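Beneath this line is the structure, given in structure tokens, with notes to follow.
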2 protein chains.
Amino acid sequence: MKKGERRRAELLERLADHLLTHGLQGASLRPLAAAVGTSDRMLLHYFGDKEELLTASLTLVSQRLITMLDAARLEPLPIDALLTMLAGMVKDPHVRPYMRLWLELLPLAAGGQAPFHTIAQRISATLRGWIADTLQVDTEEQRELLAALTLTIIEGFVMFDALGDDEVPAAALAGLKLKMA
Amino acid sequence: MKKGERRRAELLERLADHLLTHGLQGASLRPLAAAVGTSDRMLLHYFGDKEELLTASLTLVSQRLITMLDAARLEPLPIDALLTMLAGMVKDPHVRPYMRLWLELLPLAAGGQAPFHTIAQRISATLRGWIADTLQVDTEEQRELLAALTLTIIEGFVMFDALGDDEVPAAALAGLKLKMA
DNA sequence: TGTTTTTTGTAGCAGTTGCTACATTTTATA
DNA sequence: TATAAAATGTAGCAACTGCTACAAAAAACA
């Protein structure tokens, strides 16, 4: 790998770090550059323009998320146990930054706005796949349907976590177990 | 009502309209002023500063939502029927603008940022209350729990609608009915 | 070593941001 | 009608936005 590529990759890692800790809001070139130890001039040199910079950074972020999920592979769980586990995971300090970024991504992705729409879709699909793989089901026909349900509920949990609301997810979880009893 | 108050109220209505159709993104003073037929100068005259302007406008938006929900009061429905209904409602052209604004509000509300946190909380509580009132339950103890579950799932549906994804909500709905059968 | 790329610095441009100072017109009040 | 108050227009400021022109230093290559 040439020196230029190495430098670009290094900046990219730091950009991903910074987006995870500080979000997209206020992610303009000069503050971003300062945070990763370079100048706006150099960011544009390595990434062309801001859109490509964000595309590359967010792509790396979602790759990291995928890696995390792969590493966290665990034995199959029935839906209620999986939901309980995920409800906690979503608030984990290692995971929450991803969820916050995801939350910021959504309004930008609404309406198909590039590049956010594409990135958001990939993340959504990844989560769905991981959940489907991890779910323990009675019959295989159920797998995709229950994965969709699980993902939907987890997305809701992410929203309530952003509001600082722990009660609703807890109640929702209780409500689900109630109906499935 | 004095002339000033009347004018302020009129501008407020138009600001709410504009936020519903165009969102918070790009809602800076000059474009906003042009959209509602006045100048940035006058917006600041009537609202003091931008934060107060947004607080007032978003408060009006959430009041409109409450009014809509009150008007849409309907006979009690069991959770799966209510979810099916709400899944459609969320995509209704009259409702979707509120959901999109809600989606934009969430990342701003994350971390307790004023005034967005307060407004988002009120909206969340309103939705939850409406759902609880509309749910048909076997026993009253179930009401709050199932309302929380319903709200959580609907929030998830709002997210997928932003992604242009109809499949996941449909599958989730099927998954839920499956588990409750 | 000499030459051509690549990398980096400095400076700045044109547009936007929230907001303000100052002046004028219009309205309400006495 | 005279005076105070509220409403509105014009202009601009300082900070920030993404991005670019120009030039020097450093590295790669011949």
Side-chain angles (χ1 to χ4, degrees), chain A residues 1-16 18-19 21-60 101 104-105 107-109 113-117 119, chain B residues 1-16 18-19 21-60 101 104-105 107-109 113-117 119:
Chain A
M1 177 151 50
K2 299 234 157 76
K3 189 199 171 192
E5 297 174 41
R6 232 184 307 121
R7 180 71 173 146
R8 192 191 127 109
E10 185 190 340
L11 289 176
L12 205 46
E13 294 287 338
R14 295 195 200 164
L15 285 170
H18 186 263
L19 287 184
T21 51
H22 294 80
L24 283 165
Q25 197 200 18
S28 48
L29 290 180
R30 267 164 272 234
L32 228 42
V36 303
T38 184
S39 65
D40 58 332
R41 173 66 185 70
M42 291 315 295
L43 286 184
L44 291 170
H45 173 70
Y46 283 114
F47 298 98
D49 62 17
K50 199 195 176 183
E51 180 171 325
E52 282 189 45
L53 185 156
L54 286 183
T55 305
S57 308
L58 291 173
T59 299
L60 177 55
L101 210 44
E104 266 188 288
L105 218 48
L108 299 174
Q113 206 172 142
F116 304 109
H117 183 78
I119 297 172
Chain B
M1 181 152 41
K2 300 233 154 82
K3 191 199 170 191
E5 297 175 40
R6 232 185 307 122
R7 180 69 174 149
R8 191 192 129 111
E10 185 190 339
L11 289 176
L12 206 47
E13 294 288 336
R14 295 196 200 163
L15 285 169
H18 187 262
L19 287 184
T21 51
H22 294 80
L24 283 166
Q25 198 200 20
S28 47
L29 290 179
R30 266 163 273 235
L32 228 41
V36 303
T38 184
S39 65
D40 58 333
R41 173 66 183 69
M42 291 315 295
L43 286 184
L44 291 170
H45 173 70
Y46 283 115
F47 298 97
D49 61 18
K50 198 195 178 185
E51 180 172 324
E52 282 188 44
L53 185 156
L54 285 182
T55 305
S57 307
L58 291 173
T59 299
L60 177 55
L101 210 43
E104 267 188 286
L105 218 48
L108 300 175
Q113 205 172 144
F116 304 109
H117 182 78
I119 297 173

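All chains are named by letter (A, B, ...) in the order of the sequence lines, taking the proteins before the strands, and each is independently numbered beginning at 1. The model shown is predicted, which means the values in this text are computed figures rather than measured ones.
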Could you go step by step and tell me if A:Gln25 and B:Gln113 meet the side chain to side chain contact (heavy atoms under 4.5 Å, CB included) rule? CA-CA 13 Å; A:Gln25 197 200 18; B:Gln113 205 172 144; 4.0 Å; yes
Could you state the atom-to-atom distance from [atom1] of [X] to [atom2] of [N] in whole Å?
| X | N | atom1 | atom2 | value |
| --- | --- | --- | --- | --- |
| A:Leu54 | D:dC19 | CG | C1' | 15 Å |
| A:Glu5 | C:dT7 | CD | P | 9 Å |
| A:His45 | D:dA21 | NE2 | P | 15 Å |
| A:Glu10 | C:dT7 | CD | P | 14 Å |
| A:Leu53 | D:dC19 | CG | C1' | 13 Å |
| A:Leu32 | D:dC16 | CG | P | 15 Å |
| B:Leu11 | D:dT8 | CG | C1' | 12 Å |
| A:Glu52 | D:dC19 | CD | P | 10 Å |

Between B:Leu15 and B:Phe47, is any pair of side-chain heavy atoms under 4.5 Å apart?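 Yes - at least one pair of side-chain heavy atoms lies under 4.5 Å apart.
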Step through the shown structure and confirm whether more than 12 heavy atoms of other residues, nucleotides or ligands are within 6.0 Å of CD on B:Glu10.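 Yes, enclosed.
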Looking only at side-chain N and O atoms, does B:Tyr46 come under 4.0 Å of OP1 or OP2 in D:dA6?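 B:Tyr46 to D:dA6 OP1/OP2: no side-chain N or O under 4.0 Å.
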Protein-to-nucleotide contact annotation, 5' to 3' order, nucleotides 11-21 of chain C [B base; S sugar-phosphate only; - none; under 4.0 Å, heavy atom]: -B----BBBBB
Between A:Asp40 (side chain) and A:Leu43 (backbone), is there a donor-acceptor pair under 3.5 Å?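 Side chain of A:Asp40 to backbone of A:Leu43: no pair is present.
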Could you check B:Leu53 against B:Leu29 for side chain to side chain contact (heavy atoms under 4.5 Å, CB included), going step by step and ending with a plain yes or no? CA-CA 10 Å; B:Leu53 185 156; B:Leu29 290 179; 4.1 Å; yes
Run A:Ile119 and A:Leu54 through side chain to side chain contact (heavy atoms under 4.5 Å, CB included) and show every step you take. CA-CA 10 Å; A:Ile119 297 172; A:Leu54 286 183; over 6 Å; no
